[in-house]
Amino acid sequence: MPDNGSKRRGPQIAVTITIALLIIVTSVFVAAFVVTSTPESTGSPVIDARSYTTDVAAALVGASASEGETLIEAFQCIACHVLGEGRIAPLFNGIADRASTRRPPLSAAQYLYESIVSPGAYLVV
């Protein structure tokens, strides 16, 4: 008489292998998701006084309003600075006037530059 136990082991082994592969694939997916979702903690560099006279001045050479508008559109800055109605980020309206008084002796351009490259350097509360 044939052994009925050996007939049952075939499907059980297939189910066990399928479950094991599913667990492995799920683990790899979760690990990959966590790694790619975790932001790098590079931190924002704080600009020192010497940078204001060299780096900032060099970065502002050739700056133009039209180029700024292109960057604002490309990086979707209006989502927080306009559509957020000032609750998420400062509104663009009147920003130059506010920036010129925020952090003396910085000029408005220097303050705005710092705010873009080192957003945590100075926070208005």
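All figures in this text were calculated on a predicted structure; none of them were measured in a lab. In what follows, every heavy atom counts, from backbone to side chain, and hydrogens, waters and symmetry copies are set aside.
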- Sub-4.5 Å side-chain heavy-atom contact between Q110 and R103: no
- Message: I'd like to check L22 versus T26 (side-chain heavy atoms, cut-off strictly below 4.5 Å). Are they in contact?
- Response: yes
Rounded distance [0.5 Å steps], [atom1] in [X] versus [atom2] in [Y]:
{"X": "L91", "Y": "L83", "atom1": "CG", "atom2": "CG", "answer": "10.0 Å"}
{"X": "L112", "Y": "I95", "atom1": "CG", "atom2": "CD1", "answer": "5.0 Å"}
{"X": "T16", "Y": "L21", "atom1": "OG1", "atom2": "CG", "answer": "11.0 Å"}
{"X": "S66", "Y": "L71", "atom1": "OG", "atom2": "CG", "answer": "9.5 Å"}
{"X": "L106", "Y": "R102", "atom1": "CG", "atom2": "CZ", "answer": "12.5 Å"}
{"X": "S107", "Y": "L60", "atom1": "OG", "atom2": "CG", "answer": "7.5 Å"}

- If the plane angle is over 60° it's perpendicular, under 30° parallel, otherwise tilted; pick one for Y122 and Y111. perpendicular
- Is it the case that one hydrophobic cluster holds both V82 and V124, taking links as side-chain heavy atoms less than 4.5 Å apart, direct or via other members? yes
- Please answer whether the main-chain N or O of F92 pairs with a side-chain N or O of H81 as donor and acceptor at a distance below 3.5 Å. no
- Query: Can any side-chain N or O of R87 pair as donor or acceptor with the backbone N or O of C80 at less than 3.5 Å?
  - Reply: no
